[in-house]
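Remember, it's a predicted structure, so these values are computed and weren't measured experimentally.
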Amino acid sequence: MKYGFVKVASGTPEVRVADCRFNASATVEMMRTAAQQGVEVLCLPELGLTGYTCQDLFLQPTLQQAALDALEQVLSETKELGLVCTVGLPVRFEGKLYNCAAVIQQGNLLALVPKACLPNYGEFYEARQFSPAPKGLFWYDWKGTQVPFGTDILLRHPVEKALCIGVEVCEDLWSPIPPSSRHALAGATLILNLSASDEIVGKAEYRRSLVQNQSARLLCGYLYADAGCGESTTDLVFAGHNLICENGTLLAQTPLFSQELAVSEIDVQKLETERSKNTSFVPNSQGYHTVWLSDWQADWKLERQIAPYPFVPADQTQRVERCQSILEMQARGLAKRLSHTRAKTAVIGISGGLDSTLALLVLARAFAILEKPMEEIVAVTMPAFGTTQRTRNNAHLLCQALGVSLRQVDVSATVRSNFVDIGHSEEERDVTYENTQARVRTLVLMNLANKLGGLVIGTGDLSELALGWATYNGDHMSMYGVNGSIPKTLVRHMVQTVADASQPDLKEVLLDILDTPVSPELLPPDEQGEIAQQTEKIVGPYTLHDFYLYYAIRWGFEPEKIFWLAQHAFAEMYTDKELVRWLENFYRRFFNQQFKRSCLPDGPKVGSVSLSPRGDWRMPSDACATVWLEQVERLKQGLEA
């Protein structure tokens, strides 16, 4: 286990119906194969030591004993394996036969979990041979050792406290109230399901959806192991459809009829964090018995893909759908505010940059919803000392393509007048030089909105708010901020989505805006008239900052874990020293700039991360970053050693 990640697998060993010795050997072989891949928790199919399709042979004492002998064989031959594994077999207990999951580790039988819900419809007749799990906890005598027997059993790791395993068997999941629901509320972050689900048309899709939805509902990891093609085909066919899901996300699955292992990693710390924030998730472990697992350390490499752009879907179709959905949410939120305030118009500062472009596109969409003419939108360009010809031209072309009214207000004279008022030299190009321009621009917009009876629409995005890359009471302030929960990495794709669906004149200007370096343009251009002040050279790459923002705020990960994930996500893009440098900068800026986020204007939440002081993020403005930066410092020292 590493930083809460547990290497897991579900698989389908080769099986021969009623040949328990062969099945035991195949089980051992798959366990060893999994162990070689670093698997720490393995789930195998229902009744795998006998085969699921033995029918009335299950009632034969000979087969029952052979199954117990097979279990003993598996335990004897896997003493050296640290992984936790579930295997299925019939177990006679106090005069009744039960369909059981045996939980084993290092040659020890840790628990027996009987199936609670027996299917006795359609092609299934389990109630003919088996009894449903009895209520309560019992003890099964296994060669002189008392083993817990019952459904309400949890298996916990002694070191990684977030790893807690619950077990259910096949139909249990398909029932109206699965045992796994109780297991999760009792603390199980990982559910193992030993199954024998036959294959019919459409069932694979339903099965996959069922497992995904249960993992989402329970905020858990879910391993589903299915019986395979070695089962009897007298009436049924089994395909070995193995699944691994985490909180609604399908991490791995095997092709039908493949007899393969599905392998991935599940982040149990992330699941535990999500549960801690969810007030609907009310723990209740009453009546549960805890079995402590042995501590073990497997050697494995992270195979699960860590997306470098967590806010941006990798699939193009999904990306376009998400961008369109967010645009609609932004526009609907803004339309409601404009309608409620009876605003005669909307005023927006347009710079020719990405953020103001997206905000203007949203504003135009809101006006279309309200069936208001586009010319009632007032876009204002406010050139000053850093404005380049490229961005100025793009601002004009954009407004022309959208059909909105455009005003130009050169704020240079007002800024210089303010310099005189406060005794600041124009030659001193410091933060005062920059922020005075930003505040004067906001003053122009606010006063113009008052004059016209409209609202000022804010343009700042989520990434800028996280880093405090906004002038307090300058571009930081508006009457409604439509981009406040859109990270910079997603802003780009949203503008691209609109460009791809636009007429040639609008598309051309949007593509050039996308190609323009991100800049506040508060310092004079270089000698060639190009943008001299590039944001990412000052605060760092937004790609990294959005990655850090997602894992630090959405999931509450510690800096060391975020760095470890970043190493996997950006192995080909950034060195370890670059990752740590900008991670330190992220934490410093995030803590120092909270005061700006404590007084943000209204704006729609559209994703899983928001920094609104009225909603998702409430933080004291004078909180210390010490404990976070100490971890970053240890990372720096480790790289220098």
Side-chain angles (χ1 to χ4, degrees), residues 8-15 17 20 23-24 26-28 30-31 34 39 41-54 58 67-68 70-71 74-75 78 83-91 97-105 109-119 124 126 129-130 132-133 147 149-155 165-175 178-180 183 188 190-199 207 210-211 214-215 220-228 230-231 238-245 253-254 259-262:
V8 300
S10 54
T12 306
E14 188 177 355
V15 66
V17 179
C20 297
N23 297 337
T27 296
V28 170
M30 181 155 281
M31 288 177 65
V39 170
V41 180
L42 171 64
C43 185
L44 299 179
E46 178 181 15
L47 295 169
L49 292 183
T50 56
Y52 176 77
T53 49
C54 290
F58 284 125
L68 294 176
L71 177 59
V74 172
L75 292 172
T78 59
L83 82 168
V84 178
C85 181
T86 54
V87 297
L89 76 161
V91 176
L97 191 64
Y98 297 95
N99 178 348
C100 287
V103 186
I104 64 177
Q105 183 188 29
L109 177 60
L110 302 181
L112 288 168
V113 181
K115 189 173 184 176
C117 304
L118 301 180
F124 300 106
E126 286 188 33
Q129 295 99 22
F130 298 104
V147 175
F149 182 99
T151 57
D152 295 351
I153 297 173
L154 299 177
L155 300 105
I165 300 172
V167 180
E168 63 184 4
V169 183
C170 197
E171 183 75 9
D172 290 348
L173 170 62
W174 304 67
S175 66
S180 54
H183 299 342
L190 184 59
I191 303 295
L192 277 57
N193 185 309
L194 301 79
S195 184
S197 176
D198 63 311
E199 210 58 42
R207 183 189 301 119
L210 190 65
V211 174
Q214 187 69 349
S215 73
C220 73
Y222 202 105
L223 308 187
Y224 184 95
D226 192 18
E231 294 286 353
F238 296 83
H241 188 197
N242 301 304
L243 300 157
I244 300 175
C245 293
Q253 66 176 327
T254 56
Q259 300 282 115
E260 296 177 5
L261 275 171

With side chain to side chain contact (heavy atoms under 4.5 Å, CB included) as the test, would you mind laying out the steps for Val17 and Val15 before giving the verdict? CA-CA 6 Å; Val17 179; Val15 66; 5.9 Å; no
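With rounding to the nearest 0.5 angstrom, the CZ atom of Phe58 is 7.0 Å from the CG atom of Asn99. Going from atom CD of Glu14 over to atom CD of Gln259 covers 7.0 Å, rounded to the nearest 0.5 Å. To the nearest 0.5 Å, atoms OG1 (Thr86) and CD1 (Ile165) are separated by 8.5 Å. Leu44 CG to Cys85 SG: the interatomic distance, rounded to the nearest 0.5 Å, is 4.0 Å. Here Arg207 contributes atom CZ and Trp174 contributes atom CH2; the two are 6.0 Å apart, rounded to the nearest 0.5 Å. Atom OG of Ser10 and atom CG of Leu243 lie 6.5 Å apart (nearest 0.5 Å).
The backbone N or O of Thr53 sits less than 3.5 Å from a side-chain atom of Glu231, completing a donor-acceptor pair. Between the side chain of His183 and the main chain of Leu154, no donor-acceptor pair closer than 3.5 Å is present. Here the side chain of Asp172 pairs a donor or acceptor atom with the backbone of Cys117 at under 3.5 angstrom. With Glu46 contributing its side chain and Ala196 its backbone, the two residues share a donor-acceptor pair below 3.5 Å. Between the side chain of Thr12 and the main chain of Asp226, a donor-acceptor pair closer than 3.5 Å is present.
Closest non-hydrogen pair, Asn193 versus Ser195, comes out as OD1-CB, 3.5 Å. Between Gly48 and Asn23, the shortest heavy-atom contact is O-CB, 3.6 Å. Contact between Cys54 and Gly51 at its shortest, heavy atoms only, is SG-O, 3.5 Å. Contact between Val8 and Val39 at its shortest, heavy atoms only, is C-CG1, 4.1 Å. Between Thr50 and Cys20, the shortest heavy-atom contact is CG2-SG, 3.9 Å. The nearest pair of heavy atoms linking Gly88 to Leu194 is N-CD2, 3.6 Å.
Within the 4.5 Å cutoff, the side chain of Pro45 has no heavy atoms near those of the Phe238 side chain. Using a 4.5 Å heavy-atom threshold, the side chains of Val84 and Leu155 count as separate. Counting only heavy atoms from C-beta outward, the side chains of Lys115 and Cys170 approach each other to under 4.5 Å. Between Val74 and Met31 there is a side-chain heavy-atom pair separated by less than 4.5 Å. When side chains are defined from C-beta on, Val167 does not count as touching Ile153, because their heavy atoms never get closer than 4.5 Å. The closest side-chain heavy-atom distance from Tyr222 to Glu168 is below 4.5 Å. Annotation: side chain of Asp198 is not in contact with side chain of Tyr52 (no heavy-atom distance under 4.5 Å). For the pair Asn242 and Glu260, the minimum side-chain heavy-atom distance is 4.5 Å or more.
For Tyr98, the ring pair (Phe, Tyr, Trp, His ring centres under 6.0 Å) partners are Phe149, not counting sequence neighbours. Remark: Ala133 engages Pro114, Ala116, Thr151 in a side chain to side chain contact (heavy atoms under 4.5 Å, CB included) (not counting sequence neighbours).
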